[in-house]
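These notes are about the structure you will find just below.
This structure is a prediction, so every number in the text was calculated from the model and none was measured.
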Amino acid sequence: LEIAKRVLREKIVVGLLEQKEESMRRFEFYFQQWQSNNNNNSGNTDSSSRQMACRTRILVGDYRINESAKGKVKEGSQAWSMLTWQNKLDIKLYKYAKALFLQQGAELFADMP
């Protein structure tokens with residue numbers, strides 16, 4: 001768990017599905033800065049229109065890839081308890097990622113327009 005937290009903290013710009021608009025803004029800002037710093041800004045309008053189409057699909061799309069077709073498990077049920085126990089480290093990492101999202105917002109993206 002501690003190694004995973006360190007990787008998130010040192011190498012990942014965290015995005016959250018429940019904050020996908022803000023996450024997308026951060027990714028675009030970060031990668032524009034990275035692209036400018038590496039002189040890869042081609043100004044290609046075809047590429048820009050493809051980027052906007054992709055952005056729209058992501059923000060407007062209904063991405064429920066983590067939902068089962070069998071329905072949701074009821075909180076408090078035996079299945080819920082078993083899943084929580086089996087995934088306790090993932091749950092801790094997710095909570096850490098949510099906190100890191102806020103921290104990165106204040107530290108890395110405070111000057112973002």
Check side-chain contact (heavy atoms from CB on, under 4.5 Å) between Y96 and all other residues, then give those that pass, not counting sequence neighbours.
K5, L8, R9, L100
Only pairs at least two apart or in different chains count here, so list each salt bridge (Lys or Arg N to Asp or Glu O under 4.0 Å) that has a residue in residues 82-95.
none
List in chain and number order the residues that pass salt bridge (charged side-chain N to carboxylate O under 4.0 Å, His left out) with E22, two or more places apart in sequence or in another chain; answer none if no residue qualifies.
R25, R26
Taking L93 as the starting point, is it possible to reach L89 by hopping between hydrophobic residues whose side chains are less than 4.5 Å apart?
yes
Tell me, do F31 and V13 make a side-chain contact under 4.5 Å, heavy atoms counted?
no
Excluding sequence neighbours, so at least two apart, what forms side-chain hydrogen bond (donor to acceptor under 3.5 Å, both in side chains) with E18?
Y94
Using salt bridge (charged side-chain N to carboxylate O under 4.0 Å, His left out) as the criterion, list what pairs up with E75, not counting sequence neighbours.
none
Decide if atom CE of M112 counts as having more than 12 heavy atoms of other residues, nucleotides or ligands within a radius under 6.0 Å.
yes
Among the clusters formed by ILVMFWY side chains lying less than 4.5 Å apart, do L16 and F27 turn up in the same one?
no
Mind checking what makes side-chain hydrogen bond (donor to acceptor under 3.5 Å, both in side chains) contact with E107, not counting sequence neighbours?
Q103
Kindly write out the residues that satisfy side-chain contact (heavy atoms from CB on, under 4.5 Å) with A106, not counting sequence neighbours, or none if the list is empty.
none
State plainly whether one hydrophobic cluster holds both F101 and I12, where clusters connect Ile, Leu, Val, Met, Phe, Trp and Tyr through side-chain heavy atoms under 4.5 angstrom apart.
yes
Residues which pass side-chain contact (heavy atoms from CB on, under 4.5 Å) with M24, listed by chain and number, not counting sequence neighbours
E28, R55, I58, L59
Under the side-chain hydrogen bond (donor to acceptor under 3.5 Å, both in side chains) test, which residues partner Q19, sequence neighbours left out?
none
Mind listing the closest non-hydrogen atom pair of G15 and S23 along with its distance?
CA-OG, 3.3 Å
Got a sec, which residues hit side-chain contact (heavy atoms from CB on, under 4.5 Å) with T84, two or more places apart in sequence or on another chain?
W80, I91
